[in-house]
Amino acid sequence: MIEVENIKKRFGDQEVLKGISTIFEKGKTNLIIGQSGSGKSVMLKCLIGLFKPEGGRILFDGKSIQDMNDEQQRVLREEIGMLFQGGALFDSMTIEENVMFPLRMFTNQKKSEMIDRVNEVLSRVNLEGNNKKFPAEISGGMQKRVSIARAIVNRPKYLFCDEPNSGLDPKTATVIDNLIQEITHEFDITTVVVTHDMNSVMEIGERINFLKNGLLVWKGTQEDIFKTDNKDVTDFVYSSDLFKKIRAVQNK
Ligand SMILES: Nc1ncnc2c1ncn2[C@@H]1O[C@H](COP(=O)(O)OP(=O)(O)OP(=O)(O)O)[C@@H](O)[C@H]1O
């Protein structure tokens, strides 16, 4: 579980996060959604320690990052898996080398142990046997699955995903969403997904945090989101033509 208490972040005169409090639950896919510029990525960067908030606290399973010493912060970094927006695979490395990278960075395992673990996670994302290929030789959806394998190879307690579906066709996007959710449940991970994809909200929005102008203006589940009268949320949901049409059908 990650608890966020009144975090604030500004850049110069611009207050980007204006005191956000929420809880990201263990074993759930926790979404951060909102319009472009609402502060989603800045919030994610605060959570993973790339930005230091000016106010408030972030607690990982009860421990505040601010109170951790260097060693505790190092341990926390090892417990975090990150799925970057573009996948962020190293082009010059094979799939196996890409997935092995966090193990080489953070552990002293023998090469044979690392390869066993790489094979385990590649099989989990249905990519067994692709070890020696390079990222350019596989599809975008497969690259995302490699990124997921890399994000979970070191058995993270916390998984952060930044727009995991960007650049994917709807069917592949659904496969990736479902994989993230299955892994979250299977390994009881606290997963935080930044997205503005309504399909993801429908598929995996177990806990949804809606940001607007640096404020958390609504919290709920994927069932709640279609019942709420909150105008900010409905404007966001029905900004897509597809959902406008669904609402029109529902209201007939
Ligand atoms: N490093 C930075 N320096 C200055 N301003 C920044 C920085 N990072 C983000 N901002 C500003 O913070 C605001 C929120 O940005 P953020 O990237 O969090 O939005 P977002 O909700 O993730 O949007 P999108 O969906 O387009 O990615 C924007 O006005 C942005 O210009």
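Residue numbers count from 1 along this sequence. We count ligands from 1, going down the list as the structure has it; atoms in each ligand are counted the same way.
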Under 6.0 Å from the NZ atom of K219, do we count more than 12 heavy atoms belonging to anything else shown?
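Yes, enclosed.
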N69 atom CG, over 12 foreign heavy atoms within 6.0 Å
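Atom CG in N69 is crowded, with more than 12 foreign heavy atoms closer than 6.0 Å.
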Ring pair (Phe, Tyr, Trp, His ring centres under 6.0 Å): pairs with one or both residues in [range], sequence neighbours excluded:
{"range": "residues 19-74", "value": "F11-F51, F60-Y158"}
{"range": "residues 184-212", "value": "F210-F236"}
{"range": "residues 99-119", "value": "F90-F101"}

Whether D61 side chain and M1 backbone form a donor-acceptor pair below 3.5 Å:
yes
First-shell residues of ligand 1 [heavy atom, distance under 4.0 Å]:
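Residue list for ligand 1: F11, Q14, V16, Q35, S36, G37, S38, G39, K40, S41, V42, F51, H196.
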